[in-house]
Colleague: 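There's a structure below that I have some questions on.
Counting starts at 1 for both ligands and their atoms, in listed order.
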Amino acid sequence: MNTTSGFEGFSKLSKEEKLRRVCQYFTDPDQAEKEFRSFWHRDSAVQKQLDEFSENTITNFYFPYGVVPNVLINGKSYIVPMVIEESSVVAAAAKSAKFWSTRGGFKTRVLGMEKIGQVHFIWKGEKQKLYNHFAEIKKQFLVGTRHITSNMEKRGGGILSIELVDMTHHEPGYYQVKATFDTCDSMGANFINSCLEEFALILKDYVAEAEGFEPHERDLTVIMSILSNYTPHCKVECVVECPIEDLGSFDGGLSAQEFARKFALAVKVAQVDPHRATTHNKGIYNGIDAVVLATGNDFRAVEACGHTYAARDGQYRSLSRIESTDTMFRYVLEVPLALGVVGGLTRLHPMARRSLELLGHPTAAELMQVAVAIGMANNFGALKSLVTTGIQKGHMKMHLLNILNHFEATEEEKSLAIEYFKHNKVSFYAVRSFLLALREGLIPGIPTPKPVTGKVELS
Ligand code: MEV
């Protein structure tokens with residue numbers, strides 16, 4: 001089948017027409033269309049809003065929205081919303097939050113809020129001349145962007161610094177205008193990009209018109225003007241700490257001392273080995289991304305930034321570190337995190353709006369602290385399992401419902417399975433065998449549930 005034919009002018013079609021056109025590519029077009037439609041929001045105004053967030057929308061893609069209650073951060077208790085599809089992430093965060101709630105909670109602090117933007121340009125003139133004129137150019141940048149910055153300044157933010165960066169060792173004539181910004185409660189992409197594009201125009205005009213430039217120096221090529229998602233100075237920290245003896249005892253008969261030692265070794269592994277570091281940091285972003293998504297923030301920006309930061313010394317490493325002593329367990333997570341509570345989808349998406357309300361209408365700085373605490377909760381939970389029972393025990397317990405749903409188990413079969421697997425190891429094979437045996441009345445003490453409606457072959 002030629003999948004591109006019939007898609008000329010697709011973007012101009014109505015939503016209904018787009019859906020019908022796409023559904024022709026399914027083996028059961030009518031059924032597919034029905035299914036796609038079934039995920040439309042029943043309130044057409046809400047649906048219209050969702051459609052308008054993006055382009056060529058034909059339906060919605062649902063993700064579970066969960067909450068973690070009793071997350072104690074700097075002495076304040078939060079109910080934290082998490083949007084994530086992976087089973088056991090919310091449960092792991094909740095378990096860690098509960099563990100730390102009796103040991104002082106999560107201690108967080110913002111280490112900086114500074115964002116960065118760059119105008120990349122080529123100018124083939126005498127370098128010193130550009131530097132000599134830059135103080136005047138900077139003045140013109142500030143005056144020329146006043147119409148953009150005045151509101152931000154009223155809120156306490158604005159442009160913090162502007163510098164000229166010589167990049168000519170990479171490419172003849174390549175320079176950057178590198179600016180830093182405080183965007184207050186917004187993530188700030190639009191504000192920063194608007195300022196940068198204005199800088200670019202001013203810069204081009206300046207060299208074209210100012211006195212002292214030779215004819216060949218009047219030409220300046222702006223390559224691009226764009227914020228950097230790498231914000232190493234927009235950063236937040238989370239610490240969990242307690243006397244080692246207060247850690248308690250652990251599954252597998254591990255003492256608090258042994259746990260603390262093994263935990264530290266696990267973090268060391270993630271510091272020195274990029275393979276482990278990637279998985280370790282993925283576990284951190286399980287939590288952070290879920291909060292970022294629930295609050296309508298940009299998880300791609302957050303991830304890209306975090307991974308660059310993790311590789312800042314040339315090797316990709318763990319974002320967290322151990323600072324324990326012989327008697328104190330102290331674990332620190334430090335992540336760059338540019339979040340907003342105004343702008344973008346944060347106040348437009350009805351669920352993002354509710355998430356922010358549930359969090360008590362936090363500032364951007366407060367939201368950063370909630371997100372890092374959940375990142376810590378998930379990472380601590382993962383390491384705690386990994387160095388004691390292993391990850392699969394808890395993970396498969398949480399995954400049980402997915403496996404049961406795969407086999408189209410009835411509600412009665414599900415509750416029997418949940419009871420059975422409280423005392424038995426969950427695996428895909430074990431659940432399949434259990435259901436087969438159950439349906440054939442082969443499990444002692446459990447009568448065959450009737451009627452059996454699930455997949456018979458249990459593929
Ligand atoms: C799974 O989503 C995340 C973990 O692999 C994280 C880790 O290994 O630290 C459990």
Colleague: Going by the rule salt bridge (charged side-chain N to carboxylate O under 4.0 Å, His left out), which residues pair with Asp251 if we only count those two or more places apart in sequence or in a different chain?
Modeller: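 None.
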Colleague: Which class fits the ring pair Tyr285 and His307: parallel under 30°, tilted 30 to 60°, perpendicular over 60°?
Modeller: tilted
Colleague: Using the salt bridge (charged side-chain N to carboxylate O under 4.0 Å, His left out) criterion, which residues pair with Asp185? Sequence neighbours excluded.
Modeller: none
Colleague: Determine the interplanar angle of the Phe259 and Phe250 rings, folded into 0 to 90°, and report it as parallel if under 30°, tilted if 30 to 60°, perpendicular if over 60°.
Modeller: parallel
Colleague: Which side-chain N or O atoms in residues 77-95 pair as donor and acceptor under 3.5 Å with protein atoms at least two apart or in another chain?
Modeller:
from, atom 1, to, atom 2, distance (Å)
Tyr78, OH, Glu366, OE2, 2.5
Glu86, OE1, Lys282, NZ, 2.8
Ser88, OG, His395, ND1, 3.0

Colleague: Note down each nitrogen or oxygen pair, ligand 1 side and protein side, whose separation is under 3.5 Å; give only atom names and the distance to 0.1 Å.
Modeller:
from, atom 1, to, atom 2, distance (Å)
ligand 1, 2 (O), Glu86, OE1, 3.3
ligand 1, 2 (O), Glu86, OE2, 2.5
ligand 1, 2 (O), Lys282, NZ, 2.7
ligand 1, 2 (O), Asn286, ND2, 2.9
ligand 1, 8 (O), Arg276, NH1, 2.9
ligand 1, 8 (O), Arg276, NH2, 3.4
ligand 1, 9 (O), Arg276, NH2, 2.7

Colleague: I'd like to know if the side chain of Asn193 reaches the main chain of Ala189, judged simply by a donor and an acceptor atom lying under 3.5 Å from each other, with no hydrogens or angles considered.
Modeller: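 Here the side-chain-to-backbone pair exists.
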